[in-house]
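Some notes on the structure that comes next.
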Amino acid sequence: MHQYRTHSCDALRITDAGKIARLSGWVHRKRDHGNLLFIDLRDNFGITQCVVDSSNSEFQKIDDLRLESVVCVTGKILRRSDETINATLSTGEVELIISDAEVLAEADPLPLQVNSDMDYGEETRLRYRFLDLRRDRLHQNIQLRSEVVSSIRRRMTEQGFTEFQTPILTSTSPEGARDFLVPSRIHPGNFYALPQAPQQFKQLIMVAGFDRYFQIAPCFRDEDARADRSPGEFYQLDVEMSFVTQDDVFEALEPVLHGIFVEFGEGKSVTPIPFPRIPFAESMLKYGNDKPDLRNPIVMTDVTNVWSGTDFKIFSSAIEKGAVVRAIPAPGADKMPRSFFDKLNDWAREEGAGGLGYIIFSDGEGKGPISKFLDTERMEQLKKLTGIADDGAVFFVCDIEAEACRFGGLARDRIGAELNLIQEDQFKFCWIVDYPMYERDERTGRLIFSHNPFSMPQGGLEALESDDPLKIKAYQYDIVCNGVELSSGAIRNHLPAIMYKAFSLAGYNKEEVELRFSGMLNALKFGAPPHGGSAPGIDRMVMLLAGEQNIREVTMFPMTQQAQDLMMGAPAPVDSERLEELHIRISMPPTKET
RNA sequence: GGGGGUGUAGCUCAGCUGGUUAGAGCGCUGGCCUGUCACGCCAGAGGUCGCGGGUUCGAGUCCCGUCACUCCCGCCA
């Protein structure tokens, strides 16, 4: 018989009755009846009830065990009597009658209860992460994550992609986020950087002729955390392909994403292939942002013309100064009480907007404080534009375009949630395409790259030379699911001439570009294939699939919001000898005076 | 860097308008219980009310500061 176990704690069934079995696991729960003791023994796979009574010499040893101690028990498998069957356990028709028991490891009293689904404070959970991970919910989430990653690997490989590793110690990249730096011992005063993403490497892999690359890639960015953003590190399904158009990238990724979400989505419906493609400008107009939650059926429209020149001066004079009015149709809102509209108005004020104007339609007639400013003709136009004609309400946001989009988007989310319009049982995917290549930096007035400086501008060199830079679009795209940005990607700029020109518009001269991107540029000068790719976030995909609101719930060993690992005690000071070796001297920030 | 929330027993929380000895559940320790499955019953131990200062006859409670966790803004392709 095996030293530790003949079966897992999820293996025994009624057909095993009569056998001698050996199980090892954690003491999940004890039910002590004095002379009869039940132990729920748990391992990775499940739970089996084990029984011992006081006539057994092992009784006292087991009776003394605290919860979460590790024990190996051996004994006969018995069919339970009909009244004692536990239908909630897969092993509930049998139990193990303990004849021998060996304590493999004793547990101290627990700082958090493993056998409970109670909410615990984040600090306790992170400090004792190994205990939290034993608990069902987190255990399942991490298991799911592993299965998702395996399935991604299989699906990518089947589509002809090849997995490669790229360096973790690399050079600092001038664009994007703050780098994590690693001091060089051999080169005093010089630093490696951890990759923010394997962006340049994957392009170099294409230049090297490997055609289709993917990697479950760790990415490191020294930026502040959010609920959906780990501090420090996260993982991407990093993808790059040669000789492809934007549509080829979409067609390669859609079946993988669709397949994953069908496989692990537990019956929720998934947007059929091909996913809708929504131009950036259209998304901003209709949804107020570039990561629309399409489970919300509300679509905004521009109704500036409806309000222009009316006697409602708040809107009409703002329009004269360049503001726009966006309508947020709210089907069914005519049935809501007055407090619903007041609450939304209060919320709008808290968000810094002037308020949230509205017109209520019931039986085809417009009512509400501002409806009197619209004559019949304008009212008809409004009904036509918003699709709200007989029953419902229309909310209005009036501001300069960017602010109207932003706030309208928030209001759309809010109203959709309040009216229970969100289709919770769905995964709604879309591509956002045609991002602008450049935007104006509001503080400096300078032209900056909107997204990736390595993206190919639509229209190529000609567009860069003759068009208004702010009108140039890039072959740059995001994939969005249920309002979560999963990835961004692009067809890359593989031509040095276009790269020099693209950077010069953003204020970098040829020398600077060569200095900063020598590796990349050099490679492009020796025959680079047209190529492009994307990089969906693994953590966020698993978050969506697990139905979690927080990325720490799908991360095995996360750090706190302040980027500390409470379990391992990182970051931590190091010995002065280590610092000397690295040619580093600490310069502490001044301590605050009180 | 900024704004909000939380911080009371090992854990989750209650503690009113400032007023006697700060409570409950779980866990822990001891006792009783042979068919439970969140077993039940009895008893006990366990507290720098995050920390520092202030107001007050009196502070868990009010004020100021600070620290930790968290949510958000900035930041982040």
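Quick note on labels: first sequence line is chain A, next is B, and so on, each numbered from 1. Values reported hereafter were calculated over all heavy atoms of this structure, with side chains retained and with hydrogens, waters and symmetry mates removed.
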For A:Phe38, what residues pass the ring pair (Phe, Tyr, Trp, His ring centres under 6.0 Å) criterion, not counting sequence neighbours? A:His33

Watson-Crick or G-U wobble mate for B:G40, both contacts under 3.5 Å: B:C32

Restricting to ring pair (Phe, Tyr, Trp, His ring centres under 6.0 Å), what partner residues turn up for A:Phe214, sequence neighbours left out? none

Heavy atoms under 4.0 Å, any strand shown: does A:Glu95 hit a base, just sugar-phosphate, or nothing? base

Using a cut-off of 4.0 Å on non-hydrogen atoms, how would the nucleic acid contact of A:Glu122 be classed: base, sugar-phosphate, or nothing? sugar-phosphate

Numerically ordered, the residues 221-242 of chain A set in heavy-atom contact under 4.0 Å with RNA chain B is A:Arg221, A:Glu223, A:Asp224, A:Arg226, A:Ala227, A:Arg229

Could you check whether A:Asn550 gets within reach of a base, just the sugar-phosphate, or nothing at all, counting any heavy atom under 4.0 Å? sugar-phosphate

Who pairs with A:Asp293 by salt bridge (Lys or Arg N to Asp or Glu O under 4.0 Å), at least two apart in sequence or on another chain? A:Arg295

Short N/O separations, protein against nucleotides 25-29 of chain B, under 3.5 angstrom:
| from | atom 1 | to | atom 2 | distance (Å) |
| --- | --- | --- | --- | --- |
| B:C26 | O2' | A:Gln113 | NE2 | 2.1 |
| B:U29 | OP1 | A:Arg66 | NH1 | 3.1 |

Touch class at under 4.0 angstrom, heavy-atom based, for A:Asp119 against every strand present: sugar-phosphate

For A:Phe250, enumerate each residue passing the ring pair (Phe, Tyr, Trp, His ring centres under 6.0 Å) test, keeping only those at least two apart in sequence or located in another chain. A:Trp431, A:Tyr477

Suppose we screen for side-chain contact (heavy atoms from CB on, under 4.5 Å). Which residues come up paired with A:Thr88, at least two apart in sequence or across chains? A:Asn86

Ring pair (Phe, Tyr, Trp, His ring centres under 6.0 Å) involving A:Phe164 - partner list, sequence neighbours excluded: A:Phe210

Looking at B:A24, which nucleotide sits across from it as a Watson-Crick or G-U wobble partner, both distances under 3.5 angstrom, or is there none? B:U12

List in chain and number order the residues that pass salt bridge (Lys or Arg N to Asp or Glu O under 4.0 Å) with A:Glu123, two or more places apart in sequence or in another chain; answer none if no residue qualifies. A:Arg127

Taking the six-membered ring where the residue is Trp, are the ring centres of A:Phe234 and A:Phe220 under 6.0 Å apart? no

Mind checking salt bridge (Lys or Arg N to Asp or Glu O under 4.0 Å) for A:Glu439 and listing every partner two or more places apart, or none if nothing turns up? none

Kindly write out the residues that satisfy salt bridge (Lys or Arg N to Asp or Glu O under 4.0 Å) with A:Glu548, not counting sequence neighbours, or none if the list is empty. A:Arg137

If I pick the C1' atom on B:G60 and the same atom on B:G15, what distance separates them, to the nearest angstrom? 8 Å

For B:G65, what is the paired nucleotide under Watson-Crick or G-U wobble rules, both distances under 3.5 Å? B:C51

Reading nucleotides 37-44 of chain B 5' to 3', which nucleotides get B (base under 4.0 Å from a protein heavy atom), which S (sugar-phosphate only), which -? BSB-----

Need one value for A:Arg552: base, sugar-phosphate or nothing, where a base atom within 4.0 Å counts as base even if backbone is also close, heavy atoms only. sugar-phosphate

Charged N to carboxylate O below 4.0 Å: is that the case for A:Glu68 and A:Arg29? no

